[in-house]
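The structure appears right after this line, and notes come after that.
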Amino acid sequence: MMRNPFKYFKTSPEIIRLTVMMYVRFPLSLRNVEDLLHERGIDITHETVRFWWNRFGPLFAKSIRKRRVENRFYSNWAWHLDEVFVRINGELHYLWRAVDHEGEVLEAYVTKRRDRKAALKFLRKAMKRYGRPEAIVTDKLPSYKAAMREIGNKDCQETGRWLNNRAENSHQPLRRREKVMSRFRSMRSLQKFAAFQSSIHNHFNLERHFYRREEFKENRSAALAEWRQLAA
DNA sequence: CGATCCTATCGGAAGACACT
DNA sequence: AGTGTCTTCCGATAGGATCG
């Protein structure tokens, strides 16, 4: 039996949800969020914002993901894989991403190296959660080929930079955040952030197809209404 | 009521960046 | 080089929420 996640909290779930959404969805610093809330008469410190997103981020992400997996808002027809450099305290790390062909971010994973072992771990993690895709699109990094040989689905790999824009586009929000934060401090917080941000991106990503304004507004309201139910 | 949990906060640390 | 201003991170703890 799961206990009430808001137990002992002195602030209402509504405000906590709003705060967490502001911080993760938009490129704002902890203090930016503090000041924005202050403008609305809500008095908390930036440390509280940090505390809340660390506590509730994984929780919200989990329930968004669960819902999407159950309703299959993703497609495993083709996955696009990509990795991007992220500097943590001066050291290079790699953030791997799997994106489906509609732009849904499936998995985000941080590693220290960019070798076969890392690619393998990442692929296994994604497939455990979503099953096997029919096609996998990657860039030319040899680690993918090696990893896929080991898994046994080498045949469905396609390579090509232009094919892989889908995955590369999804790194943009992270880059913006990175700039605001002046780099991430620890692997743990990057992993947490990337995973959570992917979930939120999927949840609020309303322009996967071209909507008319009315449809867009309906969809946005629906997304917000669902958000307000999280962990309720 | 007192005991116990644990949120929310505080002050300081350390790093990145821009500027002089 | 130093200074100022921004960022997140961390250990300690006051005091509010909850339970028996």
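Order of the sequence lines sets the chain letters (A, B, ...), proteins ahead of strands, with each chain counted from 1.
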Atom [atom1] of [X] to atom [atom2] of [N]: distance rounded to whole Å?
X	N	atom1	atom2	result
A/Arg177	C/dT8	CZ	C1'	11 Å
A/Ile44	B/dC10	CD1	P	12 Å
A/Phe193	C/dT8	CZ	P	10 Å
A/Glu34	B/dA8	CD	C1'	12 Å
A/Ile15	B/dA8	CD1	C1'	14 Å
A/Phe51	B/dC10	CZ	P	15 Å

Would you say [X] places a side-chain N or O within less than 4.0 Å of OP1 or OP2 belonging to [N]?
X	N	result
A/Ser29	C/dT7	yes
A/Trp52	B/dA8	yes
A/Thr11	B/dA8	yes

Contact list for residues 33-60 of chain A, test salt bridge (charged side-chain N to carboxylate O under 4.0 Å, His left out), sequence neighbours left out: A/Glu47-A/Arg50

Donor-acceptor pair, side chain of A/Gln191 and main chain of A/Val110, under 3.5 angstrom: yes

Sugar-phosphate only, base, or nothing, as touched by A/Tyr23 at under 4.0 Å among non-hydrogen atoms: sugar-phosphate

Nucleic acid footprint by protein, nucleotides 9-20 of chain C - heavy-atom cut-off 4.0 Å, B for base, S for sugar-phosphate alone: BB-----SBSS-

List the atom pairs, with distances to 0.1 Å, where a side-chain N or O of residues 122-135 of chain A and a protein N or O form a donor-acceptor pair under 3.5 Å, not counting sequence neighbours.
residue  : atom : partner  : partner atom : Å
A/Arg129 : NH1  : A/Glu107 : OE1          : 3.2
A/Arg129 : NH1  : A/Glu107 : OE2          : 3.0
A/Tyr130 : OH   : A/Leu106 : O            : 3.1

Side chain to side chain donor-acceptor pair (under 3.5 Å): pairs with one or both residues in residues 217-232 of chain A, sequence neighbours excluded: A/Arg67-A/Glu226

First of A/Arg183 and A/Asp43 reached from the 5' end of DNA chain B, by closest nucleotide: A/Asp43

Results of salt bridge (Lys or Arg N to Asp or Glu O under 4.0 Å) for A/Arg116 - residues two or more places apart only: A/Glu150

Mind listing the side-chain donor-acceptor pairs of residues 82-89 of chain A below 3.5 Å, one per line with the distance, residues two or more places apart or on another chain?
residue : atom : partner  : partner atom : Å
A/Asp82 : OD2  : A/His171 : NE2          : 3.1
A/Glu83 : OE1  : A/Tyr144 : OH           : 2.6
A/Glu83 : OE2  : A/Arg114 : NH1          : 3.0
A/Arg87 : NH1  : A/Gly90  : O            : 2.8
A/Asn89 : ND2  : A/Arg185 : O            : 3.2

